[in-house]
Engineer: 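One structure coming up, written as structure tokens, with questions to follow.
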Amino acid sequence: MTTNYPYSTAEGSDVRVRFCPSPTGTPHVGLVRTALFNWAYARHTGGKFIFRIEDTDAARDSEESYEQIIDALSWLNLDWDEGINVGGPHGPYRQSQRSDIYAEVIEKLKATGRVYESYSTPEEIEARNLAAGKDPKVGYDNFDRDLTEEQKAAFRAEGRLPALRVRVPDEDITFDDLVRGEITFPAGSFPDFVVVRPNGDPLYTLVNPVDDAIMQVTHVLRGEDLLSSTPRQIALYHALIDAGFTTHIPRFGHLPYVMGEGNKKLSKRDPEANLFHHRDRGFIPEGLINYLALLGWSLTHDRDVFTIHEMVKAFDVVNVNPNPARFDQKKADAINADHIRLLELEDFTARMIPYLQAGNVLSNDPTDEQLDILAAAAPLVQTRMNVLSEAPELLEFLFTPAEQITYAEDALKGLPENAGEVIAASVGALELIPQAEFTHDAIQAALNEALIEGLELKPRIAFGPLRTAISGRRISPPLFESMEILGKADTIKRLVRFNER
RNA sequence: GGCCCCAUCGUAUAGCGGCCUAGUACGCUGGCCUCUCACGCCGGUAACACGGGUUCGAAUCCCGUUGGGGUCACCA
């Protein structure tokens with residue numbers, strides 16, 4: 001019974017968790033959240049985080065996807081202690097390179113009798129179920145469990161090769177899920193399952209638990225979709241313990257789904273499922289990690305913006321919420337915006353550069369003058385962005401020559417009748433400011449005097465035309481600061497050009 | 001269909017038997033600030049799926065119902 005097959009009791013620095021994606025497509029935010037929780041648990045406990053790749057499906061796996069997964073972890077700063085590219089005592093860490101290990105395991109497993117040869121084809125199984133009046137959905141009928149040597153020889157004589165199945169014990173299987181509590185699967189819930197194809201290829205059902213066993217994984221934290229395969233893995237673990245590959249069954253914790261719109265799992269088709277979509281939009285790692293952590297976990301009752309360090313300090317998988325969480329783009333953006341505001345100014349400035357380049361606002365090799373403008377403008381826009389891809393739209397006018405400014409339709413439409421007069425008066429006032437004193441305070445004072453007091457305009461009416469003339473937009477960073485950055489000559493040039501258009 | 005999981009404002013969550021006439025955040029919304037837009041600040045909106053228990057007392061424990069989801073491959 002289960003007393004013979006103990007669960008891991010590891011804690012603290014003895015904890016060993018792993019992240020083991022199969023490289024089939026772009027990294028999904030659900031996958032990333034799984035990586036994050038495993039990583040956070042390892043860092044919290046002081047244990048080890050192992051990263052291996054489950055590339056046993058040659059038809060679907062790709063090298064591109066493999067590289068993207070590494071790119072994703074690196075971008076998010078989720079580092080690992082053993083595995084891909086860093087090595088470790090249980091390598092190699094790509095399953096496609098572990099065939100010899102699996103071959104040895106398979107031989108030993110056969111010797112224990114917990115794994116047996118099965119010659120039934122899917123067609124034969126279905127036919128038998130139908131003949132017995134059973135729903136074909138019940139699956140395999142354990143037909144080959146006790147084949148005699150003569151029967152096996154007869155099948156082989158027909159040229160048939162056996163798949164290998166695990167003999168599922170005829171008893172209830174119970175485990176204590178770290179996020180859901182005790183879960184019991186009654187005896188007979190599932191039939192003996194295939195772990196090795198007739199051609200000798202081991203399946204996920206074998207290699208995943210085998211590698212966890214060999215790598216001495218103590219806590220398996222993974223998606224809820226694998227919950228119903230857990231009793232099968234536990235059955236296999238019994239065999240692995242019998243065969244001497246390990247001594248304990250890991251603890252399991254099944255993390256809730258990340259859902260999309262409606263009530264369906266966020267599918268690979270949804271753009272917001274794609275991690276890189278968020279990176280391209282201008283999520284910063286701090287923001288995305290924070291938001292993803294919120295999907296099933298919380299730091300405290302009254303605060304949801306936190307650093308990765310705060311998360312590591314507080315994270316325990318037993319506090320993960322079992323119910324599925326909807327991915328809410330608006331909330332994610334808001335969290336990201338908060339993290340953008342938390343950045344040091346220089347850091348924020350630097351992080352905008354790739355997005356400005358992508359938006360053709362900055363060249364690949366920005367000039368010192370451009371960098372000076374950016375540094376001056378950065379504080380004006382740090383509270384005006386949710387995602388960094390908003391930077392080009394907001395800052396473009398500062399990097400565009402006066403003669404190339406275009407005026408947005410909605411900006412022109414909202415202008416007052418006397419826009420020309422306002423601008424003319426502004427030019428006159430600004431001309432009087434000495435070049436060296438062309439600061440936002442001086443600009444504001446001059447314009448206030450000329451427009452608000454002189455022409456007796458409401459500020460809203462007074463500054464709208466100037467904003468449009470300067471930026472071409474209805475909405476822009478603060479006006480006087482923008483004028484200061486542009487400088488006296490360029491500012492006046494823009495105003496004059498606007499009135500001459 | 002069998003088996004399994006899940007169930008607090010629209011969304012994410014706090015809550016682990018009394019502190020709850022249910023807190024926080026996003027969203028939406030009223031206002032203040034204000035050169036636009038933001039930020040910031042003040043306020044509003046809105047939830048314990050249902051029915052039985054257990055208990056002096058239940059959002060919290062138990063059972064059932066309903067609803068949702070997953071899984072039943074020689075995919076992972």
Side-chain angles (χ1 to χ4, degrees), chain A residues 20-24 54-57 59-61 95 118 120-122 135 137-140 161-165 177 179-181 183-186 188-191 193-199 201-205 207-208 223-232 254 256-257 259 262-265 291 294-305 319 321-335 337-338 341 380-386 390 394 411 414 444 447-448 451-452 458-464 466-468 471 473-482:
Chain A
C20 52
S22 49
T24 57
E54 310 222 329
D55 52 349
T56 54
D57 186 353
R60 298 198 311 155
D61 297 331
Q95 290 184 331
S118 170
S120 297
T121 65
D135 187 339
K137 279 200 181 110
V138 301
Y140 181 62
L161 290 169
L164 260 31
R165 289 181 186 269
D177 192 278
V179 342
R180 288 150 213 277
I183 298 172
T184 298
F185 288 75
S189 293
F190 50 91
F193 55 97
V194 172
V195 289
V196 180
R197 282 183 177 139
N199 68 4
D201 286 349
L203 264 18
Y204 163 84
T205 46
V207 296
N208 176 276
E224 181 184 347
D225 50 329
L226 292 163
L227 181 55
S228 50
S229 73
T230 302
R232 276 187 281 274
H254 290 91
Y257 282 111
M259 313 289 281
N263 235 1
K264 15 184 234 306
K265 224 175 122 179
Y291 180 67
L294 252 17
L295 263 22
W297 185 78
S298 69
L299 180 73
T300 172
H301 66 100
D302 63 354
R303 188 158 65 94
D304 56 17
V305 175
N319 296 130
N321 200 318
N323 48 324
R326 219 93 48 202
F327 189 97
D328 181 348
Q329 189 68 62
K330 282 196 173 133
K331 173 85 170 182
D333 285 359
I335 295 286
D338 279 323
R341 282 164 215 140
L380 307 181
V381 295
Q382 194 167 9
T383 60
R384 290 177 164 75
M385 270 183 226
N386 291 322
E390 292 165 18
L394 235 32
Q444 181 164 17
L447 292 175
N448 270 336
L451 306 178
I452 310 301
K458 289 193 152 80
R460 202 182 183 82
I461 303 295
F463 301 125
L466 300 181
R467 184 180 312 286
T468 302
S471 70
R473 307 290 156 149
R474 185 174 63 82
I475 296 168
S476 82
L479 185 59
F480 314 124
E481 284 84 347
S482 297

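Just the heavy atoms: all of them, side chains too, but no hydrogens, waters or symmetry mates, feed the values below. All chains are named by letter (A, B, ...) in the order of the sequence lines, taking the proteins before the strands, and each is independently numbered beginning at 1.
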Engineer: Whole angstroms only, please: what is the CD-P distance between A:E224 and B:rC6?
Structural biologist: 8 Å

Engineer: Contact class for A:S482 vs. all strands (heavy atom < 4.0 Å): base, sugar-phosphate, or nothing?
Structural biologist: nothing

Engineer: Is there, by distance only and without an angle test, a donor paired with an acceptor across the side chain of A:K331 and the base of B:rA12 below 3.5 Å?
Structural biologist: no

Engineer: Using only heavy-atom distances, decide whether a donor-acceptor pair under 3.5 angstrom links the side-chain of A:R384 to the base of B:rC37.
Structural biologist: yes

Engineer: Base, sugar-phosphate or nothing for A:T230? Non-hydrogen atoms, less than 4.0 Å.
Structural biologist: nothing

Engineer: Start with the C-alpha gap between A:R60 and A:T24, add the side-chain angles, then the distance that decides, and say whether side-chain hydrogen bond (donor to acceptor under 3.5 Å, both in side chains) holds.
Structural biologist: CA-CA 6 Å; A:R60 298 198 311 155; A:T24 57; 4.6 Å; no

Engineer: Contact class for A:I183 (heavy atom, under 4.0 Å): base, sugar-phosphate, or nothing?
Structural biologist: sugar-phosphate

Engineer: Does a side-chain N or O of A:S298 approach OP1 or OP2 of B:rA14 to a distance below 4.0 Å, or not?
Structural biologist: yes

Engineer: Using heavy atoms to find the nearest nucleotide of RNA chain B for A:S118 and A:P186 separately, return the residue whose nucleotide is more 5′.
Structural biologist: A:P186

Engineer: Are A:T56 and B:rA76 close enough that a side-chain N or O sits under 4.0 Å from OP1 or OP2?
Structural biologist: yes

Engineer: Applying a 4.0 Å non-hydrogen cut-off, can you work out what A:L479 is touching in the nucleic acid: base, sugar-phosphate, or nothing?
Structural biologist: base

Engineer: Searching all strands shown, indicate the nucleotide that pairs with B:rU60 (Watson-Crick or G-U wobble; both distances under 3.5 Å).
Structural biologist: none

Engineer: Tell me what A:L295 touches on the nucleic acid: a base, only sugar-phosphate, or nothing, going by heavy atoms under 4.0 Å.
Structural biologist: sugar-phosphate

Engineer: NA contact type, A:F190, heavy-atom cut-off 4.0 Å: base, sugar-phosphate, or nothing?
Structural biologist: nothing

Engineer: So for A:R467 and B:rC35, does any side-chain atom that can act as donor or acceptor lie under 3.5 Å from a complementary atom in the base?
Structural biologist: yes

Engineer: If you look at every strand shown and take non-hydrogen atoms under 4.0 Å, does A:Q329 touch a base, only sugar-phosphate, or nothing?
Structural biologist: nothing

Engineer: Looking only at side-chain N and O atoms, does A:R460 come under 4.0 Å of OP1 or OP2 in B:rU36?
Structural biologist: yes

Engineer: Just call it for A:D57: base, sugar-phosphate, or nothing, with non-hydrogen atoms closer than 4.0 Å on any strand.
Structural biologist: sugar-phosphate

Engineer: Counting just side-chain N and O atoms, does A:R197 come under 4.0 Å of either OP1 or OP2 of B:rC75?
Structural biologist: yes

Engineer: Would you indicate what A:G188 reaches in the nucleic acid, counting non-hydrogen atoms under 4.0 angstrom: base, sugar-phosphate, or nothing?
Structural biologist: nothing

Engineer: Using a heavy-atom cut-off of under 4.0 Å over every strand shown, decide if A:P478 touches base, sugar-phosphate, or nothing.
Structural biologist: base

Engineer: Taking NZ, NE, NH1 and NH2 as the nitrogens, is one of them in A:R341 or A:D338 under 4.0 Å from a carboxylate oxygen of the other?
Structural biologist: yes

Engineer: Given the C1' atoms of B:rC48 and B:rC3, what is the spacing between them in whole Å?
Structural biologist: 29 Å

Engineer: Donor-acceptor pair, distance only, cut-off 3.5 Å: does the side chain of A:E390 make one with the backbone of A:N386?
Structural biologist: yes

Engineer: What contact category does A:F480 fall into here, base, sugar-phosphate, or nothing, at under 4.0 angstrom with non-hydrogen atoms?
Structural biologist: base

